[in-house]
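Scroll down for the structure; my scribbles are underneath it.
We name chains A, B, ... by the order of the sequence lines, and we start the count at 1 in each one.
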Amino acid sequence: MSAGRLLRLVAVSWYLHLKMLHRSMFDSVMQVVWPLFFATTALLVYRATGDRDALSYAATGAAVVTVWSAVSSNASGILQRERAFGTLELLVAAPAPFSLSIMSIVLAVTTTGGYAVAATLLWSRFVFGVHLAPAWPLPFALALVATVFSFGVLGFLLAVAAVRYRAVFALGGALELPLWLACGFLVPVALLPSWLRPLSWLLPPTWGMQAVRAAAAGQSLWADLGLWAGSTAAYAAAAVWVAATVLRSARRHATLSLT
Amino acid sequence: MSVIEVSRVSRHYHVRSGLRWWRRQEIQAVRDVSFHIDAGETFGLLGPNGAGKTTIIKMLTTLLLPTAGSARVLGFDVASQPGEIRRRVGYVFGGDRGLYDRLSALDNLRYFAELYGVPARAQRQRIAYVLDLVRLAGRERERVEGYSRGMRQRLHIARGLLHDPPVLFLDEPSIGIDPVGARELRATVSALADAGKTIVLTTHYMYEADELCDRIAILRDGSIVAEGSPADLKSRVSEGEVVEAVVHSLPADAIARIQELAGVRSVTVRDLDRAQVLLVQTKPAAQLAAEIAGCLRGTAIQSLSVRAPTLEDAYVELVGGT
Amino acid sequence: MNSLRILVIGGLTTYRALFNWVSPWILVPSLLVMPLAQILLFSYIGRSAGIESDTFFVVGNAVQYSALPCLLGTASTVVGERLQRTLGIVLASPAPRLALVIGRTLPVMLNGLAVSVFGLVAGSVLLGLPVRPATLGLATLAIAVSVFGCTGLGLVSAAVGLRLRDIAVLSTILFGILLLCSGADIPRPALPGWLAAAGDWLPLAHGIAAARSVAAGGGIGGVGGDLAAEALLGLGYGMAGVLMLRLLERRSRSAGALDLT
């Protein structure tokens, strides 16, 4: 298939899956409400210090990280859902690259995570009175989208790993809060114990968030964005490789259709 | 020319049961199966649940690898050339699943048209054509969750035909459909056969295979126990007679006594709610009705009849009466 | 006479029947990793904000997290039985209802207690806090009372969940509300007044206060009031929940509202 066709496949698949996600009120509401509880709790802790800078530091991070709650809780369940629909085998049996089909579903999930970002931004503006005025608005927005995208790529890796290892389904939820902590959204990475810091450096959202903060402060964000791009590409490549491997394994072990 | 060639294919699974997930058990789903299907043929795989029909279909549609043997579809190897095969075959299975309920039929078809690489310009026309073919035109904008089983099944077939594949796999398409829906489905399948498609159909309904298939392979416990045209299979048992008795509380030794009678070919028993159906296949002119009744002395016999064998009798004899 | 048997055996069997799809691969992340992650997240947020001590956050979150297994566990044992079509059989059986309810919730409470105590110990070790057996014993008592409170609330949410047909939403939202207003993370003076007031009338706030007090070296005498309040709340919610369930049962028999077949 040509590049144009593949792009069209991703676009159509993204649109239709988004349409389906919107038809579940429960998912839509929970995706906004659940991370908002955690964000609000964190912001109330920071507000207690009376330090406005700390509060806006946390508000920026909280807004971005809410996407991860949507992605981590849904991405690893995508395969489970396709299995339940009975469409997983059809996706595999189709000539379109399987990883592309899954990626477009993850993109749809990540898109719905955007509502939580908007809700958290509005929440911190009107409830906590935090005015976010990034020094460089355009690079700020770019870095924000980049960070969100890297969450999508992590979700993609989780989703394809779940083809073969169904326990990943539960792992997705367990990875939610660790990333809230590890990537410098609410707590500066420098404050983390030394054994945890290298792990943070290996996670693309850490660099994305650094870029967001740099743009907010009017500092150069390009080095951070470079590291973001490199690490994100590595994760994407890993996910494509995992997808090919698990599919081969699923054909051998007959694990596709198990509900 | 053979469109599908299956040569000495086997497939086993490891399963873990219940809470004891560490205990593995091996199941032989398909054992040393060989057959070939010619272009334009409708080939039936017939057998009870668990006989290996679906496993064979999954191997041919590249979803599963054979553990031994080899199979080719349209000249491509199922293990090493899955991409070539996926582009050229349609795969349809029965039951409620395999569709996105929250989307309309049209959206479902659009989605799979993309997955199957149907050119953007041809999509609208092709979707309209397949909807028309399965008689769903006019209802395509409704959500699938409101569809009846028969409609879902026809939508499945439409989905499988989107990319106009020369080979179509239908895995128990009539499962759970009401008789009217099943008849419509058979009409659709036979129209596809008339249009020149090569069709592989699995079913456990005898009349469906009899009506639709050019050739049938009967499977039992993963092996082919008979293969041929419906007429061939019928002729295997057509020389004899069938004595059918409906009885209550059949004593255990009665079957053994009947089996010992000269001229008896096979005895099968099927349990109904409150009675049992005893089927005795006999050699030509054996005239065993009275002797069989004698063996059943002391048992309440509701009815006893002698008739000519049907394809179903051939099937029952081959798969062992369940 | 055989109430105790129904209580213990019935409870354990249902719990196993409903959870038997749960493999260690699912239990470990959701019952051990997730609470630890929450404890660490808020402890570090506290350090970063320079507010309260590690102990404050470890105790608060370890106790608060038990709300999830308690709320979800209680609701899903009750609602799960409807999914498995056994609710009708259970409700129609002559077994004493109260024994049934307690039997259903006992394993849930033990599970919640284990999750909390694990979080408390593992969180303390990870953050380098001392773990003293005597203190842990008293803290376990405080946690047990808190778990009882949450399970009482779980019965109310189970009854409401039976009507709503979606228990997960309700349990999750209740968990979030408890996170906000139980004072698990937000020091009481920083808590908006109406949230603090709501917290006083919900489980956990009193239990967490008691657990913090004993963790700071306080004796059992100083927390008697909090423990009694927590236990009373649990009893109140539990009784309300059982009443609602019985009401639903009666209505379902006359109106066929629950799928009892």
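Atom CG in A:Leu36 sits 9.0 Å away from atom CG in C:Leu180 (nearest 0.5 Å).
Residue pairs that meet the salt bridge (Lys or Arg N to Asp or Glu O under 4.0 Å) test with at least one member in residues 59-77 of chain C, sequence neighbours left out, do not exist here.
With a 4.5 angstrom heavy-atom cutoff, A:Ala54 does not touch chain C via any of its atoms. For chain C, the nearby parts of A:Trp180 are the backbone and the side chain; heavy atoms of each come within less than 4.5 Å. Both the backbone and the side chain of C:Tyr44 have a heavy atom closer than 4.5 Å to some heavy atom of chain A.
For the side chain to side chain contact (heavy atoms under 4.5 Å, CB included) with A:Phe38, the lone residue among C:Leu179, C:Ile45, C:Asp185 that qualifies is C:Leu179.
The neighbour count for A:Trp34 CH2, taken as heavy atoms of other residues, nucleotides or ligands under 6.0 Å away, is above 12. Other residues, nucleotides and ligands contribute more than 12 heavy atoms inside 6.0 Å of the CZ atom of A:Arg23.
Here the closest non-hydrogen pair linking A:Ala42 and C:Phe42 is N-CE2, 4.0 Å.
At a threshold of 4.5 Å between non-hydrogen side-chain atoms, the residues A:Leu44 and C:Pro192 count as touching.
Of the listed residues A:Pro193, A:Pro188, A:Pro178, A:Ala182, the one with more heavy-atom pairs under 4.5 angstrom with chain C than any other is A:Pro193. In terms of heavy-atom pairs under 4.5 Å with chain A, the best-connected choice from C:Leu191, C:Leu36, C:Ile177 is C:Ile177. Top candidate by heavy-atom pairs under 4.5 Å with chain A, chosen from C:Ala190, C:Gly46, C:Ala49, is C:Ala49. Most heavy-atom pairs under 4.5 Å with chain C: of the set A:Thr41, A:Leu191, A:Asp51, A:Val45, this distinction falls to A:Thr41.
When the side chain to side chain donor-acceptor pair (under 3.5 Å) test is applied to C:Gln64, the partners found at least two apart in sequence or on another chain are C:Gln38.
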